[in-house]
Amino acid sequence: MDEAERRLISVTVNEVVRRAEVDVRLTLADFLRHTLQLTGTHVGCEHGVCGACTVLVGGHTARSCLMLAVQAHGQAVVTIEGLSTEGQPLPPLQQALADHHGLQCGFCTPGILTTLTELLRDNPSPSDEDIRVALSGNICRCTGYQGIVAAVRSLLPSAGREVRG
């Protein structure tokens with residue numbers, strides 16, 4: 001392979017600086033999964049439609065199957081592995097999803113969690129419509145989304161009262 005087709009990148013992934021020489025065509029999803037062995041980020045459609053590969057790049061959701069690893073150079077990336085700490089209780093959002101049956105097969109879960117993390121950071125009191133709009137880029141074939149919306153609703157200051165869009 002021609003040396004010009006590889007680049008040295010430095011990416012802070014889940015608060016750890018990671019450096020690697022990568023092919024310029026390598027997707028961020030493949031970099032995370034294969035180079036860094038962070039397999040929690042799932043690859044579904046490879047077209048940016050399903051949302052399973054969603055991660056946070058610079059604090060904003062991004063489809064890692066559509067982003068090249070070289071584009072993440074100098075950026076902070078958070079994957080599903082960075083949203084909780086091994087051996088510690090689940091964070092409130094993850095616990096709420098478990099409590100409200102918002103998880104089933106789990107394939108879409110990493111993308112949904114990163115999406116909802118951004119939503120709740122930017123809008124701590126979203127309406128049901130806000131939640132559904134945020135989730136519209138994440139395909140879940142198992143839950144029907146009701147449990148996911150109920151989980152988010154349970155975390156809101158108005159929990160117990162109906163949230164309207």
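Only heavy atoms go into these numbers, but all of them, side chains included; no hydrogens, no water, no symmetry mates.
Expressed to the nearest 0.5 Å, how far CG of Leu26 lies from CE of Met67 amounts to 12.0 Å. Distance check: Arg153 CZ to Ile148 CD1 gives 12.5 Å after rounding to the nearest 0.5 Å. Here the straight-line distance linking atom OG1 of Thr117 with atom CD1 of Ile112 works out to 11.5 Å at 0.5 Å rounding. Distance check, rounded to the nearest 0.5 Å: CD1 of Ile139 to SG of Cys45 gives 7.0 Å. The line from SG of Cys140 to CZ of Phe107 is 11.5 Å long, rounded to the nearest 0.5 Å. Annotation: the span from Gln95 atom CD to Leu90 atom CG amounts to 5.0 Å, rounded to 0.5 Å.
Summarising the geometry of Arg6 relative to Glu21, their closest heavy-atom pair is NH2-O, 2.9 Å, with the distance given to 0.1 Å. For the pair Ser64 and Cys53, the tightest heavy-atom approach, listed with the atom from each and the gap, is OG-O, 2.7 Å. Closest non-hydrogen pair, Gly40 versus Pro110, comes out as O-CG, 3.0 Å. In this structure, Val133 and Ser136 approach most closely via the heavy-atom pair O-OG, 2.6 Å. Between Leu119 and Ala134, the shortest heavy-atom distance links the atoms CD2-CB, 3.9 Å. Residue Leu38 comes nearest to Glu81 through the heavy atom pair C-OE2, 3.3 Å, listed as atom of the first residue, atom of the second, then distance.
In this structure the side chain of Leu120 reaches within 4.5 angstrom of the side chain of Leu93, judged on heavy atoms. Here the side chains of Tyr145 and Ile131 are not in contact, with every heavy-atom distance at 4.5 Å or above. In this structure, Thr12 and Gln75 have side chains that are not in contact, with every pair of non-hydrogen atoms separated by 4.5 Å or more. At a threshold of 4.5 Å between non-hydrogen side-chain atoms, the residues Leu156 and Pro126 count as touching. Between His73 and Arg7, the closest side-chain pair of non-hydrogen atoms is not below 4.5 Å. At a threshold of 4.5 Å between non-hydrogen side-chain atoms, the residues Val13 and Leu32 count as touching. Annotation: side chain of Thr143 is not in contact with side chain of His101 (no heavy-atom distance under 4.5 Å). The shortest side-chain heavy-atom distance between Cys50 and Cys108 does not fall under the 4.5 Å cut-off.
Of the possible polar contacts, none joining the Thr85 side chain to the Gln88 backbone as a donor-acceptor pair under 3.5 Å is found. Side-chain N or O atoms of Ser127 include one that pairs as donor or acceptor with a backbone N or O of Asp130 at under 3.5 Å. Panel note: side chain Thr115, backbone Leu135; no donor-acceptor pair is recorded below 3.5 Å.
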- Message: Show, in sequence, the C-alpha distance, side-chain angles and deciding distance for Asn14 and Val77, and conclude whether the side-chain contact (heavy atoms from CB on, under 4.5 Å) test is met.
- Response: CA-CA 6 Å; Asn14 302 329; Val77 175; 6.0 Å; no
- Step by step, work out the side-chain contact (heavy atoms from CB on, under 4.5 Å) result for Arg18 and Ser10. CA-CA 6 Å; Arg18 308 296 293 266; Ser10 177; over 6 Å; no
- Task: Take Val152 and Leu116 through the side-chain contact (heavy atoms from CB on, under 4.5 Å) test and state the conclusion after the steps.
- Result: CA-CA 8 Å; Val152 174; Leu116 292 174; 3.7 Å; yes
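For the side chain to side chain contact (heavy atoms under 4.5 Å, CB included) with Thr114, the lone residue among Leu83, Val78, Thr79, Val57 that qualifies is Leu83.
Sequence neighbours left out, not one pair with a member in residues 33-48 passes side chain to side chain donor-acceptor pair (under 3.5 Å).
Under the 4.5 Å side-chain heavy-atom criterion for grouping Ile, Leu, Val, Met, Phe, Trp and Tyr, Val43 is not connected to Phe31 through any hydrophobic cluster.
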